[in-house]
2 protein chains.
Amino acid sequence: MKGIKRLAQDLNISIGTVSRALNGKSDVSQETRARVMEAAAAMGYVPNQAGRSLRKGNTNAIGFIYEGEVGTTGHGDTFFLGVFSGVQDVLSRHHLDLVVLPCPRDDDPTEHVRRIMARRMVDGLIVSATRRKDSRIELLNRAGIPFVALGRSSTPGTYPWLDLDFAGVAGQATDRMVAAGHRRIAVAVPSNDVNLGFVYLEGYKQALARHGIAFDPELVLRVASSEEGGYQAGHELLSMDNRPTAVLLIYELMAIGLYRRLNEAGVRPGRDVAVVGFRESSLSRFLSPTLTSYRISLRSVGVMLAEALLASMPDYAEHYPMGLVHRVLPLELVEGESDTTFVSAAGRRERDP
Amino acid sequence: MKGIKRLAQDLNISIGTVSRALNGKSDVSQETRARVMEAAAAMGYVPNQAGRSLRKGNTNAIGFIYEGEVGTTGHGDTFFLGVFSGVQDVLSRHHLDLVVLPCPRDDDPTEHVRRIMARRMVDGLIVSATRRKDSRIELLNRAGIPFVALGRSSTPGTYPWLDLDFAGVAGQATDRMVAAGHRRIAVAVPSNDVNLGFVYLEGYKQALARHGIAFDPELVLRVASSEEGGYQAGHELLSMDNRPTAVLLIYELMAIGLYRRLNEAGVRPGRDVAVVGFRESSLSRFLSPTLTSYRISLRSVGVMLAEALLASMPDYAEHYPMGLVHRVLPLELVEGESDTTFVSAAGRRERDP
DNA sequence: GCAGGTCCCGTAAACGTTTACGACGATAAG
DNA sequence: CTTATCGTCGTAAACGTTTACGGGACCTGC
C-alpha cells in the first residue's frame, strides 16, 4: 500500500480526512491535522502528481516554448538559460515545475503547440521568439490556455506579454550615434521574421527621421545573431563603397565576429567604426575595446515572465495582483570604449571637412 | 464526455477495445482497428497523460538536472542549450518530454533530487555536473531510478555515464605545449569540486610526469569558468614572478577575459603566452588570435546521453542495444593561432638561451 | 454432436487523488 | 426534552486510462 492510503491506515483515519488535512481544508481538527502533518513528514510523503492531475485537471507544470536552433531566435544560444533561472525561481515558490519544450527543428512551430495543448501537459505556457504574425498565439488564444508571450506580436487578443525595449534602445543608440556626428549608421538585425528584429528596425528608422536623416535600406544588414553573423555583418560593412561610420548590433555576441572582421581589414572598432550592442553578460566588458551595450538582467526577465503568467492564472492570481501585463522592459546603457573613443574622431571629422 | 469514452461511444465499441486498438494490441480485428484510428485522428484525440500515468505508473518524461547558477557547473552558461537540443531530438522520437529541473540556487542538490524522486514526475534522469563524490548518485542508485550521469564520479554503482575526455585533452594539450618548448605551463580549472576539474588536472599532471616535469601547485589557477574567471586567471598569471609561458583553459569563454587581461598588460596572447581552450562554439575562430581549442558537438553529447539513458530503461532498451554505457567522448583538436604562433617564439627562446 | 481452440470483444477493477455529501456526537438554543 | 447548529470525520464517486479475465461466436477434428 502506498501514498495517502498508507498514511491513512497508519493513523487510523480515513483517506479523505488525510487529504483535507494536507490541503489545509477547514473541516479538520487541529489535533488530527498536526498528527497527519507529522506522519507525512516522517514517511516523506509527497502526493502523486498523476493522481492529483487526473482528479483536479491540472498538472502543476509550466511549459516554456523556444526554438532550439541557434540563430533562429534572434538571440543566439546563451539567452535562455538566464531566463529559465528566473522563471524557475518564481515557479518553485508554488511547487510548479518548468517543462522546457524546444520545438524540434524539423517541426512546424504551430503544430508543436497544438500537440502540447492536446496532451494537456502544462497549466500554462511561456512562448518566446514571437513572430510578427504568430499563429501559435492565435491558437492559444482560442484554446483559452493561460500563456504569456516574450515579445510582442501583431496578432490580436487579450494575453499578457513582455518585451524588451528594442525600439527604445535602437532609438537611443541611434540618437547617441547621431549626437557623436555619425550620419551613416548601419544596423544588424536577424534574417528571420522574429518580431524583435522588426521592432528594432522601427526604433532605428524613427530616430533617423527625428534627425532628418534618410533611411537607406542598404544599411540594414540581415545576418544571424551569432559570432558568425557578426563576422558576416563586418564583411558586408567593409564591402560598401560609402562605408558607414557606426553599426548597431542587436546581439552582443555578434561583436566578437565583427571585431575580428574589422581587425582583419585593419579597421579599428571603436575608433574607425563605432559599435553598440545589446544584452546582458559579462562579455561586453572583456572585449577589446569594451563594448558599449544596453544591459538587462535575464534572470529578472524570467522572473517577470513567470509572474505575468501566474497573474493570468486564476489559481495563482491572488499572489500577483498585477492584472494583464503588457510591459516593455527598459535596458540600461553601459558605456564602453567601442563608441566613446570614436566620438572625438567623428567630432574632428565634422569640424574640419 | 471526453477522451477515450467519447470515442468509444461514437463508434459503439467498448472503451477497452478502443484502448487496445490504439495501443496496437493483438486481440482486435483489422477492421475495428482501422475505424478507431480514423475516428481518433478525426477528433484529434490524444490520450490524457495523467490517466495513463496513474494506471501505468510512468510519466513519459525525462528530467534533466543541472545547476542554474552560472560558473558553478564548470561549464558556464552556454553549455546546456546545445545538449538539450540533442536530448530532445532523441526523446521526441519516443514521444517523451524533456523536463528541465534546475536546482534552485538556495537548495541542496541532494534534497532537490530527493524531491524529484518522491514526486515521481519523471521516468528517467540525466544528471549533470557530477561531483567527485556525489550523494545524488548514491541516492538514485538506491532508488533504482534509471539515470545517466554526464561526468564520471568516484561514487560506486552500476549506472551508465558519459564523460568528455578532459583527461586526454589536458594530456594532449600539455604534450603539445611541451613539444613547443614550454616548461612552465599553467592550468585554469573550476574552483568548485566538480569532477571534470579533477579529471582535467589529472591528465595534466600525468603528461607532466611523462615529460619529467615536476608538478608545481602554484601553476594551478582555480577560477570561475567564465569571462570573469579568465580575466582573473590572467591576473594571477601576470603576478607570478616566474611567469608561465603557456596556459590551458578548461573553458573556451575564459579566453575572452584572459586575452583582455594579457592585452592590458601588453602581453600578447599567442605570442608571449600560448593559450589552449576547450569546448565547441564558433567563438574560438572569431577571437584574435584565433583560439586553439578542443571541440565537441554539444548536440551529439545530448543525443548520446539520451540514448544511453533509454538503453538502460526496459521499455526502450530494444531500440538501443548498447547495454550499460560507460563512454569517454574524445574531443577534436582545432588549431588556432593562440599557440602555434608561439611555437617559433618558444623555439627561438629555446635555441638562444 | 461434442470437446477444444481461435478470434474478438465487453466487463470491471485498479492506479492515487480530491471533494460533494451525509452522518455522527456534542453543544447550544428553544 | 427537543431541535437546530457546529465541528469533525467517513463514504463513495469521479477523473481517464490500461489490462486481466471471461464469454460469445465460429471453426476444427474426432
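Each chain gets a letter, A, B and so on, in the order its sequence line appears, and its residues count up from 1. Hydrogens, waters and symmetry mates are skipped; everything else that's a heavy atom, side chains included, is used.
Tested against B:V122, the residues B:I62, B:I116, B:N60 include a single side chain to side chain contact (heavy atoms under 4.5 Å, CB included) partner, B:I116. For the side-chain hydrogen bond (donor to acceptor under 3.5 Å, both in side chains) criterion with B:R152, the lone passing option out of B:D163, B:D134, B:T130, B:N195 is B:D163.
Residue B:S29 places at least one side-chain N or O under 4.0 Å from the OP1 or OP2 atom of C:dC9.
No side-chain heavy atom of A:V325 sits under 4.5 Å from any side-chain heavy atom of A:W161.
Ion pairing between a basic and an acidic side chain is recognised when a charged N comes within 4.0 Å of a carboxylate O; A:D107 and A:R115 show such pairing.
Judged by distance alone, with hydrogens and angles left aside, the side-chain atoms of B:T110 form no donor-acceptor pair with the main-chain N or O of B:S135 at under 3.5 Å. Within the 3.5 Å criterion, the main-chain N or O of B:H95 finds no donor-acceptor partner in the side chain of B:S92.
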Are any protein N/O atoms closer than 3.5 Å to N/O atoms in nucleotides 18-22 of chain D? If there are, list each pair with its distance.
from   : atom 1 : to    : atom 2 : distance (Å)
D:dT18 : OP1    : B:N23 : ND2    : 3.3
D:dT18 : OP1    : B:R52 : NE     : 3.2
D:dT18 : OP1    : B:R52 : NH2    : 3.1
D:dT18 : OP2    : B:S19 : OG     : 2.7
D:dT18 : O2     : B:R55 : NH1    : 2.5
D:dT19 : OP2    : B:K25 : NZ     : 3.4
D:dT19 : O4'    : B:R55 : NH2    : 3.3
D:dA20 : N6     : B:R20 : NH1    : 3.3

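Rounded to whole Å, atom C1' of C:dC9 lies 13 Å from atom CZ of B:R33. Atom-to-atom, CD of A:Q9 to C1' of D:dG10 comes out at 16 Å; the value is rounded to the nearest Å. A:K5 has its NZ atom 13 Å from the P atom of D:dT11, to the nearest Å. For the pair B:K2 NZ and D:dT17 C1', the computed distance is 14 Å after rounding to whole Å. In this entry the distance linking CG of B:N48 with C1' of C:dC15 reads 13 Å, nearest Å. Rounded to whole Å, the distance from CD on A:Q49 to C1' on C:dT17 is 10 Å. Rounded to whole Å, atom P of C:dC15 lies 15 Å from atom CZ of A:R6.
Under the 3.5 Å distance criterion, with hydrogens and angles disregarded, no donor-acceptor pair is assigned to the side chains of B:S53 and B:T59.
Judged by closest nucleotide on DNA chain C, B:I13 is the one of B:G51 and B:I13 placed further toward the 5' end.
If you check every strand for non-hydrogen atoms under 4.0 Å, B:S53 touches nothing.
Among D:dT8, C:dG16, D:dT11, the nucleotide with an atom closest to any side-chain atom of B:L54 is C:dG16.
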